Colleague: 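The structure that follows is given in the form of structure tokens.
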Amino acid sequence: MEAPVLKVKNLVLAFEIDEKNYEAIKDVSLNFFPGKIHAIVGESGCGKTMSAMSIIKLLPNNAKILNGEVIFHDDNILEFCEKELRKIRGKKIALIPQDPMTSLNPLYTIENQLLETILEHRDVDKEEAYEIAVKTLKDVEISDPEKRMKAYPHELSGGMKQRVIIAMALATKAEVIIADEPTTALDVTIQAQILKLLKEIRDLGKTIILITHDLGTVSSYADEVSVMYLGKIIEQSPVRELFRNPKHPYTKALINALPSDKSKVLQNIKGQPSPITEQVSGCPFHPRCPYVMEVCKSVMPDLKFVNGTKVACWLFDKPENK
């Protein structure tokens with residue numbers, strides 16, 4: 001089996017609030033492989049984006065990494081200084097942020113911003129950078145790229161802005177692309193086009209980390225899935241196995257809440273995720289779980305292999321006293 005290009009090992013991240021540390025990411029481990037789309041899913045506030053942003057240390061001022069490693073080409077990049085990190089960000093690990101509307105500088109043309117990115121991360125002159133920029137815009141299916149290069153962001157549609165951001169990631173030859181809710185602000189037709197483009201980029205051998213709450217998108221585009229709840233990975237699986245045979249009650253609840261064409265009644269998940277300031281003992285999902293047992297309330301189960309899936313649930317373990 002091919003080795004992962006990027007490994008997150010035992011990551012713990014906390015937010016300092018009123019001089020106290022509250023853990024938002026709790027002992028998370030993830031492996032990302034070349035030529036794969038690995039989706040991280042869960043409700044808002046469950047730690048998806050913070051897990052991904054920890055990889056490149058783009059974190060809020062009150063966030064701190066307390067433990068763990070991020071191994072990229074045998075280096076723990078969490079130990080890098082800011083100068084060393086700048087050689088990784090954009091060049092090796094690129095970010096497609098949530099909102100294309102605010103991700104480009106409104107004061108500069110697309111040409112200015114693309115050339116700046118290419119010249120910063122590749123050993124080329126300005127003429128070569130321009131040729132790379134035009135080619136990359138063509139690669140992301142932007143028509144008349146020479147004309148679009150002269151445009152300012154406000155002259156482009158939301159979908160076209162997102163394509164420009166993806167072009168920036170491709171132009172630097174990034175090996176890993178973090179796509180953080182990349183279709184949130186786009187209409188349905190453009191969403192499908194952007195996701196198809198990401199799939200084509202994956203087929204070039206790139207590693208894509210897809211942050212999303214949309215399981216419909218995951219079922220169509222992802223290869224691997226990690227389900228997060230309150231900062232913990234509670235299930236990891238190949239995408240087909242996850243939808244064919246979900247194991248954790250939270251995963252089942254997310255899938256049952258999906259609209260379908262089978263006229264089934266949608267099932268909502270009762271309750272809400274606990275706020276970060278209310279640390280939940282045991283399994284973090286136990287206050288909302290229909291299968292809760294006494295052991296769930298006090299002891300967090302380990303993430304273990306069960307028939308091709310990793311799952312952290314006492315339903316698949318044998319504690320002495322349930």
Side-chain angles (χ1 to χ4, degrees), residues 5-6 32-37 52-53 55-58 70-75 77 79-97 99-180 182 193-194 196-210:
V5 67
L6 180 70
F32 302 105
F33 293 88
K36 300 288 184 183
I37 296 178
M53 294 302 101
I55 291 170
I56 48 178
K57 294 180 76 172
L58 287 178
V70 175
I71 307 299
F72 181 64
H73 291 312
D74 298 324
D75 292 319
I77 60 178
E79 295 179 346
F80 285 10
C81 67
E82 185 62 26
K83 184 178 179 180
E84 292 171 316
L85 274 171
R86 283 200 295 269
K87 295 177 182 178
I88 296 288
R89 294 190 196 120
K91 184 175 183 178
K92 299 293 185 181
I93 304 175
L95 172 66
I96 301 172
D99 188 358
M101 312 301 177
T102 58
S103 300
L104 295 168
N105 192 322
L107 301 179
Y108 293 94
T109 65
I110 300 305
E111 179 179 350
N112 291 146
Q113 297 180 65
L114 264 172
L115 293 188
E116 180 183 20
T117 300
I118 295 167
L119 292 169
E120 174 70 21
H121 295 298
R122 292 183 63 174
D123 186 18
V124 296
D125 60 29
K126 194 169 183 178
E127 184 177 336
E128 290 174 296
Y130 183 87
E131 292 173 0
I132 291 168
V134 170
K135 180 184 182 302
T136 310
L137 290 179
K138 286 180 181 176
D139 289 342
V140 297
E141 300 177 3
I142 289 182
S143 59
D144 200 357
E146 290 88 352
K147 179 181 177 182
R148 302 301 181 190
M149 291 269 280
K150 304 300 181 186
Y152 287 87
H154 73 271
E155 298 177 286
L156 305 181
S157 67
M160 203 167 288
K161 289 190 186 78
Q162 195 66 296
R163 289 173 189 273
V164 169
I165 293 165
I166 294 171
M168 288 180 174
L170 290 178
T172 63
K173 294 189 173 181
E175 297 175 52
V176 178
I177 297 174
I178 300 171
D180 184 12
Q193 293 173 2
I194 295 299
K196 177 176 175 287
L197 180 57
L198 289 177
K199 204 169 184 178
E200 291 169 356
I201 294 169
R202 175 207 64 186
D203 292 342
L204 297 173
K206 306 290 186 183
T207 301
I208 296 179
I209 303 170
L210 177 63

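What you see is a predicted model, and the numbers here were worked out from it, not measured in a lab.
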Colleague: With the side chain counted from C-beta on, respond yes when Asn105 and Asn112 share a heavy-atom pair under 4.5 Å apart, and no when they do not.
Modeller: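 Not in contact.
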
Colleague: For Ile93, which of Ile88, Thr207, Val70 qualifies under side chain to side chain contact (heavy atoms under 4.5 Å, CB included)?
Modeller: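 So, applying the side chain to side chain contact (heavy atoms under 4.5 Å, CB included) to Ile93 and each of Ile88, Thr207, Val70, only Ile88 qualifies.
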
Colleague: How long is the span from the CG atom in Leu204 to the NZ atom in Lys173, to the nearest 0.5 Å?
Modeller: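 Taking CG in Leu204 and NZ in Lys173, the distance rounds to 12.0 Å.
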
Colleague: Do Ile55 and Phe72 come close enough that some side-chain heavy atom pair is under 4.5 Å?
Modeller: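 No; the side chains remain at least 4.5 Å from each other.
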
Colleague: How many angstroms lie between CG in Leu197 and CG in Leu170, if you round to the nearest 0.5 Å?
Modeller: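 Spacing of CG (Leu197) from CG (Leu170) equals 7.0 Å.
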
Colleague: Write down the atom of Leu85, the atom of Ile77, and the distance for their closest heavy-atom approach.
Modeller: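 Closest approach of Leu85 to Ile77: CD2-O, 3.7 Å.
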
Colleague: List the steps and the verdict of side-chain contact (heavy atoms from CB on, under 4.5 Å) for Glu127 and Glu131.
Modeller: CA-CA 6 Å; Glu127 184 177 336; Glu131 292 173 0; 4.1 Å; yes

Colleague: Kindly indicate, with the supporting measurements, whether the criterion side-chain contact (heavy atoms from CB on, under 4.5 Å) is fulfilled by Glu146 and Tyr130.
Modeller: CA-CA 9 Å; Glu146 290 88 352; Tyr130 183 87; 3.8 Å; yes

Colleague: Test side-chain contact (heavy atoms from CB on, under 4.5 Å) on Ile177 and Arg202; report intermediate values, then the result.
Modeller: CA-CA 9 Å; Ile177 297 174; Arg202 175 207 64 186; over 6 Å; no

Colleague: I need the minimum non-hydrogen distance between Ile165 and Ser103, along with the two atoms involved.
Modeller: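 That closest heavy-atom pairing would be CD1-CB, 3.5 Å.
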
Colleague: What distance separates Asp125 CG from Leu119 CG, expressed to the nearest 0.5 Å?
Modeller: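 Asp125 atom CG to Leu119 atom CG measures 8.0 Å (nearest 0.5 Å).
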
Colleague: Please list, chain by chain and in numerical order, all residues satisfying ring-ring contact (aromatic ring centres under 6.0 Å, His included) with Phe32, sequence neighbours excluded.
Modeller: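 With sequence neighbours excluded, Phe32 shows a ring-ring contact (aromatic ring centres under 6.0 Å, His included) to His38, given in chain and number order.
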
Colleague: Flag the pair His73 / Val5 as yes when at least one side-chain heavy-atom distance between them is below 4.5 Å, and no otherwise.
Modeller: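 The answer is yes, as the side chains (C-beta and beyond) meet within the 4.5 Å cut-off.
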
Colleague: Is it the case that the side chain of Arg122 and the backbone of Ala171 share a donor-acceptor pair, with hydrogens and angles ignored and the cut-off at 3.5 Å?
Modeller: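 Yes; judged by distance alone, with no hydrogens or angles, the pair exists.
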
Colleague: What distance do Ile96 atom CD1 and Ile201 atom CD1 have between them, rounded to the nearest 0.5 Å?
Modeller: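 The CD1 atom of Ile201 is 6.0 Å from CD1 of Ile96, to the nearest 0.5 Å.
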
Colleague: Can you give me the closest heavy-atom contact between Ile166 and Leu198, atom names plus distance?
Modeller: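 Nearest heavy atoms, Ile166 then Leu198: CD1-CD2, 4.4 Å.
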
Colleague: Taking only residues two or more places apart in sequence or in another chain, which ones pass side chain to side chain donor-acceptor pair (under 3.5 Å) with Lys91?
Modeller: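 None.
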
Colleague: Within a 6.0 Å radius of atom CD on Glu155, are there more than 12 heavy atoms belonging to other residues, nucleotides or ligands?
Modeller: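 Above 12, so yes.
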
Colleague: Can a donor-acceptor pair be found, under 3.5 Å and without considering hydrogens, that links the side chain of Lys161 to the backbone of Leu156?
Modeller: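 Present.
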
Colleague: So, Asp139 and Thr136: side-chain donor and acceptor under 3.5 Å apart, yes or no?
Modeller: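 There is no such pair between these side chains.
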
Colleague: Can you sort out the partners of Gln113 under side chain to side chain donor-acceptor pair (under 3.5 Å), two or more places apart, ordered by chain and number?
Modeller: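 In terms of side chain to side chain donor-acceptor pair (under 3.5 Å), with neighbours along the sequence ignored, Gln113 is linked to no residue.
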
Colleague: Tell me every residue that passes salt bridge (charged side-chain N to carboxylate O under 4.0 Å, His left out) with Glu82, counting only those two or more places apart in sequence or in another chain.
Modeller: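 Glu82: salt bridge (charged side-chain N to carboxylate O under 4.0 Å, His left out) contacts with Arg89.
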
Colleague: Between Lys138 and Pro145 (side chain of the first, backbone of the second, donor and acceptor by atom type, cut-off under 3.5 Å), is there such a pair?
Modeller: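 Checking the backbone N and O of Pro145 against the side chain of Lys138, no donor-acceptor pair under 3.5 Å is found.
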
Colleague: Check this for me: Lys206, atom NZ, are more than 12 non-hydrogen atoms of other residues, nucleotides or ligands nearer than 6.0 Å?
Modeller: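 It does: Lys206 NZ has more than 12 such atoms within range.
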
Colleague: Side-chain contact test, heavy atoms from C-beta onward, threshold under 4.5 Å: evaluate it for Pro182 versus Gln162 and give yes or no.
Modeller: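 Pro182 vs Gln162: side chains touch.
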
Colleague: Please give me the minimum heavy-atom distance between Tyr152 and Pro106, naming the atom from each residue.
Modeller: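 Looks like CD2-O, 3.7 Å.
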
Colleague: Do Glu84 side-chain atoms and Cys81 backbone N/O form a donor-acceptor pair below 3.5 Å?
Modeller: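 Looks like yes, one N/O pair under 3.5 Å.
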
Colleague: Search all heavy atoms of Met53 against all heavy atoms of Leu95 and return the closest pair with its distance.
Modeller: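 Result for this residue pair: CE-CD1, 3.5 Å.
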
Colleague: Roughly how far, to the nearest 0.5 Å, is CE of Met168 from CZ of Arg163?
Modeller: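 Rounded to the nearest 0.5 Å, the CZ-CE separation comes out at 15.5 Å.
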
Colleague: Decide side-chain contact (heavy atoms from CB on, under 4.5 Å) for Ile209 and Leu6; before the verdict, give the C-alpha distance in whole Å, the side-chain angles of both, and the deciding distance to 0.1 Å.
Modeller: CA-CA 10 Å; Ile209 303 170; Leu6 180 70; 4.0 Å; yes

Colleague: Looking at Lys87, is its backbone amide N or carbonyl O close enough to the side chain of Lys92 to form a donor-acceptor pair, meaning the two atoms are under 3.5 Å apart?
Modeller: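 No, the answer is negative, given that no donor and acceptor are paired below the 3.5 Å cut-off.
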
Colleague: Which atoms form the tightest heavy-atom contact between Ala133 and Met149, and what is the distance?
Modeller: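 Taking every non-hydrogen atom into account, CB-CE, 3.7 Å.
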
Colleague: Can you sort out the partners of Glu200 under side chain to side chain donor-acceptor pair (under 3.5 Å), two or more places apart, ordered by chain and number?
Modeller: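 By the side chain to side chain donor-acceptor pair (under 3.5 Å) rule, Glu200 matches Lys196.
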
Colleague: How long is the gap from CD1 on Ile194 to CD on Glu141, to the nearest 0.5 Å?
Modeller: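 Atom-to-atom, Ile194:CD1 and Glu141:CD are 9.0 Å apart.
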
Colleague: Name all residues meeting the side chain to side chain donor-acceptor pair (under 3.5 Å) criterion together with Glu128; count only those two or more places apart in sequence or in a different chain, and write none if there are none.
Modeller: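 With sequence neighbours excluded, Glu128 shows a side chain to side chain donor-acceptor pair (under 3.5 Å) to no residue whatsoever.
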
